[in-house]
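Working notes, beginning with the structure itself.
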2 protein chains.
Amino acid sequence: MHYEIPAPSIPQLRRIPPFDLLADGALHRLLSGSKLIRAERGEILAQAQDVATSIHIVLDGEVRCVLLSPSGNEKLLRLVGAGDLYGEEAALLGRHYMATVQAQRQTRLLVVPVAAFRHAMAETAAFAQAITMRLAAAAYELMAHLQLCVQLNSTQRVAQYLAQLAPEDAERWEIHLSSDKQTIAAQLNLTPETFSRVLSRFAREGLIRTEGRRRVVLDKLSQLRNCAAQ
Amino acid sequence: MHYEIPAPSIPQLRRIPPFDLLADGALHRLLSGSKLIRAERGEILAQAQDVATSIHIVLDGEVRCVLLSPSGNEKLLRLVGAGDLYGEEAALLGRHYMATVQAQRQTRLLVVPVAAFRHAMAETAAFAQAITMRLAAAAYELMAHLQLCVQLNSTQRVAQYLAQLAPEDAERWEIHLSSDKQTIAAQLNLTPETFSRVLSRFAREGLIRTEGRRRVVLDKLSQLRNCAAQ
DNA sequence: CGTAGTGTTGAATAAGGTCAAGCATTGTGG
DNA sequence: CCACAATGCTTGACCTTATTCAACACTACG
């Protein structure tokens, strides 16, 4: 990490929910013990097994939370972009991280000690409530993740992933992939090879067309949805 | 469900955390809209896809939360015993359940409408904080679950499961399985057959001995731990 | 003693992963 | 603008792993 300076006042933070709920004084107190750090692509920001002592807020850039297996296999849990935060669960519980956190590209983060965070929650009920809802949403997302990865086969996973990127009622939709295919494969807990094979099978069956590296045309969304829910 | 009556005052609930944090008045208000229901073994208490409108507290008995796949496959998420509750995430978010909930045996539950629950949280900060910590713990558990089911192979999963039932420093330990082997297999996202095969391989290699149906002697815990973390 | 529920074992199968080769796309420096 | 490297993507052959199906054994309980 390139530099680490106190961050007593970050006007940027005012606009990032849930920190917009804090009054000036509360925000200042929260930030008085915080540090601003910068990380380059690939840098490790938190190791699984480290005890979490702070909450990290991504100001700009992007970080990836991955689960590492003993055999070196990695599974992408989520991408955290600007304005988002991570580490609440582990830090609030005072346990070690489950995931390893790595900068995806050059990233600036705010590191808030958990004590200050807890204090802000005690001080501002609306803030505490927002955090509670975030945690509920996180648990909910994880259940969805578990269902996707544990229960569905590769075809269903890919179909579901593609279908959910289009509006509910559409039959044809053109999408631009938000990351490269390896990353998407990792989110779906597939190898790039398997992901590629499923896509080309869908293409052969006329359900989709891939144009270039990141453009996919979903031609038969109803069939795709059917594929996912079968 | 056999009967459904108002439950304005349940002395039992005073002792169940986090409800012990509520003052008399708050507890009464929470319960005034609640219902007491009884379910027989096998009864479905909540379907995935139902919108969650209440939090369920298990007074006695046991329920299982399972993820159902389109193909009918089921994965056990957790068992909820007396004094525990479920449905907070979905109900607080106002979304549908991810899991299907089924009574494992005869069970009495308290059904608390989410509005009353939210009101109690707003009214009593300590209660809200306890709920927040529960949600953090739930998210944390789910990540552990995800790591176990997605990343480890069957051998590692079983080894890890067995090893964690013994104290950290022991080398030999005798355990009594808390449920039947099918249920444990479901928790580990394995078929009963695969689970049985792994156990008998461990037995053949002298790492464990199974005595009767529910008794397992872990003879070489260090090797077992090694097996899990490899 | 018989039955239902539970656990074990084997053989066949299918699904994905791994390895390796080659093609395509993007970006860079001359 | 082109050559080239680097990276990402695709495809095929093969292999590992766990599931499925089926038969059978064990246990508990009436």
Side-chain angles (χ1 to χ4, degrees), chain A residues 41-42 64 69-76 104-105 148-162 176-205 208-216 227-228 230, chain B residues 41-42 69-76 104-105 148-162 175-205 208-216 227-228 230:
Chain A
R41 175 182 168 87
R64 357 183 285 135
S69 79
S71 52
N73 208 320
E74 58 181 51
K75 149 110 195 79
L76 182 59
Q104 177 85 331
R105 40 194 159 99
L148 192 74
C149 289
V150 168
Q151 295 232 283
L152 275 41
N153 62 30
S154 57
T155 309
Q156 294 170 319
R157 270 179 268 174
V158 176
Q160 175 141 325
Y161 175 80
L162 292 176
H176 180 81
L177 301 178
S178 58
S179 12
D180 52 25
K181 294 190 183 173
Q182 305 178 67
T183 303
I184 293 170
Q187 279 180 68
L188 299 173
N189 201 34
L190 295 172
T191 57
E193 291 96 327
T194 302
F195 184 53
S196 170
R197 278 186 248 269
V198 175
L199 283 184
S200 52
R201 198 173 70 244
F202 282 160
R204 213 175 311 128
E205 289 166 359
I208 66 170
R209 276 171 291 154
T210 62
E211 298 178 349
R213 186 167 279 186
R214 286 201 165 188
R215 191 140 230 97
V216 184
C227 224
Q230 183 194 23
Chain B
R41 174 182 168 87
S69 79
S71 53
N73 208 319
E74 57 181 53
K75 149 109 194 81
L76 182 59
Q104 177 84 332
R105 40 195 159 96
L148 191 75
C149 290
V150 167
Q151 294 230 283
L152 274 42
N153 62 29
S154 58
T155 310
Q156 295 170 319
R157 269 179 269 175
V158 176
Q160 174 140 324
Y161 175 80
L162 292 176
I175 56 181
H176 180 82
L177 301 177
S178 58
S179 9
D180 53 25
K181 294 191 182 172
Q182 305 178 66
T183 303
I184 294 170
Q187 280 180 68
L188 299 173
N189 201 35
L190 295 172
T191 56
E193 291 96 325
T194 302
F195 184 54
S196 169
R197 278 186 250 269
V198 175
L199 283 183
S200 51
R201 199 173 68 243
F202 282 160
R204 213 175 312 127
E205 289 166 357
I208 66 170
R209 276 171 292 153
T210 61
E211 298 178 349
R213 186 165 280 187
R214 285 201 165 187
R215 193 142 226 96
V216 184
C227 224
Q230 184 195 25

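All values below were derived from every heavy atom in this structure, side-chain atoms included, with hydrogens, water molecules and symmetry-related copies excluded.
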Side chain of A:Asp180 only, please: which of D:dT20, C:dT6, D:dG8 is the nearest? D:dG8
Minimum-distance nucleotide (side-chain atoms of A:Arg213 versus C:dT25, D:dT19, D:dT10): C:dT25
Are A:Pro70 and B:Leu152 side-chain neighbours, meaning at least one heavy-atom pair lies under 4.5 Å? yes
Report yes if a donor N or O on one partner sits less than 3.5 Å from an acceptor N or O on the other, where the partners are the side chain of B:Arg201 and the base of D:dT17; otherwise report no. no
Side-chain N or O of A:Ser200 versus OP1/OP2 of D:dT11: is the shortest distance under 4.0 Å? yes
So, B:Thr155 and B:Arg201: side-chain donor and acceptor under 3.5 Å apart, yes or no? yes
Please report, rounded to the nearest Å, how far the P atom of D:dT17 is from the CG atom of A:Asn73. 13 Å
Less than 4.0 angstrom from a charged side-chain N to a carboxylate O is my criterion; do A:Glu74 and A:Arg64 meet it? yes
Whole Å only: how far is the CG atom of A:Leu177 from the P atom of C:dT25? 15 Å
Rounded to whole Å, please give me the gap between CZ in B:Arg105 and C1' in C:dG5. 18 Å
For A:Leu199 and D:dC9, give me the distance from atom CG to atom P, rounded to whole Å. 10 Å
pair A:Arg214-A:Asp180: side-chain heavy atoms closer than 4.5 Å: yes
With nearest nucleotides of DNA chain C determined for B:Lys181 and A:Gly212 from heavy-atom distances, which residue corresponds to the more 5′ nucleotide? B:Lys181
If you assign B:Arg197 and B:Gln182 each to the DNA chain C nucleotide with the nearest heavy atom, which residue ends up on the more 5' nucleotide? B:Gln182
Distance-only donor-acceptor test (3.5 Å): side chain A:Arg215, base C:dT25: no
Of all the heavy-atom pairs spanning A:Gln160 and A:Leu148, show the shortest one and how long it is. NE2-CD1, 3.8 Å
Under 4.0 angstrom between A:Thr191 side-chain N/O and C:dG17 OP1 or OP2: yes
How would you label the contact of B:Glu193 with the nucleic acid (heavy atoms, under 4.0 Å): base, sugar-phosphate, or nothing? base
Quick check: do A:Ile184 and A:Ser179 have side-chain heavy atoms less than 4.5 Å from each other? yes
Distance, rounded to the nearest Å, where A:Phe195 contributes CZ and C:dT18 contributes P: 17 Å
Between B:Leu190 (CG) and D:dT17 (C1'), how many Å, whole number? 12 Å
Under a 4.0 Å heavy-atom cutoff, the residues of residues 151-159 of chain A touching DNA chain D are none
Looking at side-chain heavy atoms only, is the closest gap between B:Arg197 and B:Ser154 below 4.5 Å? no
On a plain distance test, is the side chain of B:Arg214 in donor-acceptor contact with the base of C:dG7 below 3.5 Å? no
